[in-house]
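Data first, discussion second: the structure below is written as structure tokens.
For reference, positions follow the sequence shown, starting with 1. Order of listing sets the numbers, starting from 1, for every ligand and every atom in it.
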Amino acid sequence: MDVPVLEDLHLHRGARVLCRVDFNVPVRDGVIEDDLRIRAALPTIQYLRDHGAVVVLASHFGRPKGAPDPKYSLAPVAAHLADLLGIPVPLTDRVVGPSVEGVVASAAPGDVVMLENLRFDAGEEADDPGFAANLTTGVDAYVNDAFGASHRSHASIVGPPRVVPSAAGRLLGREVEVLGRLLGDPARPFVAILGGSKVSDKLGVIDALLDRCDSVLVGGAMAFTFFLAQGFSVGDSLVEPDMVDACRRLLATGRVQIPTDVVIARDIAADAETRVVAADAMPDGWKGLDVGPATAAAYAEVVAEAATVLWNGPMGVFEVAPFAAGTIRVAEAVAACAGFTVVGGGDSAAAVAQFGLADRVDHVSTGGGASLELIEQGDLPGIAALRNAPAARR
Ligand code: 3PG
Ligand code: MG
């Protein structure tokens with residue numbers, strides 16, 4: 001990956017290390033529903049503590065509009081991290097400024113402090129140099145372990161490496177290594193399963209994958225734009241008419257498979273009446289909400305034969321029981337596959353966690369958008385920034 005790693009920082013006891021993490025986790029009623037992103041950062045935090053650093057963690061959480069908003073406080077996250085580490089993790093009341101300096105100054109080697117939500121300051125998303133300068137005041141080194149946010153050119157991602165010695169954390173390193181393996185020399189057959197609602201979100205990644213994969217299996221609502229390209233009617237399903245030409249081009253490669261049957265309903269409801277119909281027989285007034293059983297079985301068979309699998313995006317509205325079967329079947333097939341299996345972040349990572357299958361996948365990525373962009377572009381702004389950072393003195 002060609003970027004500095006933690007050892008390259010040559011940390012001395014008491015060094016102040018700003019560590020960007022992606023603790024943008026799902027929280028409902030103050031309870032963290034999936035702490036994968038927090039647990040995944042523990043090895044880096046532990047390394048920094050073991051080397052006597054004062055660890056200053058910085059993360060965004062949700063999408064507050066550049067001003068403090070208690071709804072988006074990192075308080076539940078700091079509390080959860082304190083439980084995981086078994087030490088107090090004080091949360092600063094602001095992102096930068098004198099009060100933050102005070103908390104950090106009173107921390108001892110091995111202590112961990114968390115800054116309040118970076119996006120409470122408009123300077124974060126604007127990559128404001130003044131904000132970045134405030135973030136790095138008194139900081140000896142910077143670590144990026146926020147893989148899930150490294151596709152964002154935000155101040156906390158690209159700013160510090162311009163001015164202080166910087167390194168990739170363990171999680172960022174592992175993510176780049178695994179995804180790099182898919183891009184480099186994957187064992188064949190290499191099968192990608194892509195779902196989710198929009199073709200437009202995935203077009204770049206499908207193109208990048210078609211250069212490397214043996215087949216791309218399509219599910220989720222984005223399949224219906226492919227149906228339009230085939231001349232099928234799609235009832236009230238979600239479609240992107242301006243992507244039909246692109247879908248036609250992708251189908252012409254002969255390596256993109258689309259569903260042959262679908263689960264339809266009039267509404268997305270747990271008690272909705274459902275039917276299974278052939279792909280070319282969707283009636284008016286109904287929406288496609290999952291791949292059908294024949295499609296799920298066919299996709300599972302392709303996955304069973306694969307030596308490398310990348311899965312990103314659910315096959316249907318799996319959060320609602322009548323539309324979960326396709327995603328469950330694909331998740332089980334990925335879990336059972338003997339090949340090297342990678343699940344992209346976001347909804348598909350949530351799905352394997354919900355089905356209790358995460359331990360049977362070789363790598364569950366902590367980045368949704370970031371993993372797609374890394375596959376598409378071969379690099380991310382946050383990684384490029386580390387490459388150009390000033391070197392640490394021994
Ligand atoms: C994510 O969850 O996708 C990352 O944390 C990035 O968040 P964002 O999409 O709000 O920039
Ligand atoms: Mg996102």
Report the relative orientation of the aromatic rings in His51 and Tyr47; use parallel for angles under 30°, tilted for 30 to 60°, perpendicular for over 60°. parallel
I need the atoms of ligand 1 closer than 4.0 Å to a non-hydrogen atom of [X], numbered in the order shown.
{"X": "Arg37", "answer": "1 (C), 2 (O), 4 (C), 5 (O)"}
{"X": "Arg63", "answer": "8 (P), 9 (O), 10 (O)"}
{"X": "Gly148", "answer": "4 (C), 6 (C)"}
{"X": "Asp22", "answer": "4 (C), 5 (O)"}

Test question: given the 4.5 Å side-chain rule for I, L, V, M, F, W and Y, name all other residues clustered with Val263, or answer none.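 Noted: Val263 shares its cluster with Ile268, Val276, Leu289, Val317, Val320, Phe323.
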Any N/O of His60 closer than 3.5 Å to an N/O of ligand 1?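 Yes, there is a polar N/O contact under 3.5 Å.
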Report yes if Arg152 has an N/O atom closer than 3.5 Å to an N/O atom of ligand 1; otherwise report no.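 Indeed, backbone or side chain, Arg152 has an N or O that close.
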Touching ligand 1 at all, Arg119? Heavy atoms, strictly under 4.0 Å?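 So Arg119 counts as touching ligand 1.
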Does Arg181 qualify as a cation-pi partner of Phe340, given the criterion of NZ or CZ under 6.0 Å from the six-membered ring centre and within 45 degrees of its axis?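 Here Arg181 passes the 6.0 Å and 45° test against Phe340.
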Tell me the contacting part of His154 for ligand 1: side chain, backbone, both, or neither, using a 4.0 Å heavy-atom threshold, strictly below.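 Within the 4.0 Å criterion, His154 makes no contact with ligand 1.
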Carefully, step by step, assess Val55 and Asp111 under the rule side-chain contact (heavy atoms from CB on, under 4.5 Å). CA-CA 6 Å; Val55 186; Asp111 283 357; over 6 Å; no
With heavy-atom distances below 4.5 Å as the criterion, would you say the side chains of Leu135 and Tyr142 are in contact?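 When only atoms from C-beta onward are counted, Tyr142 and Leu135 do not touch, as no gap falls below 4.5 Å.
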Residues Asp69, Arg63: salt bridge by 4.0 Å N-O rule: no
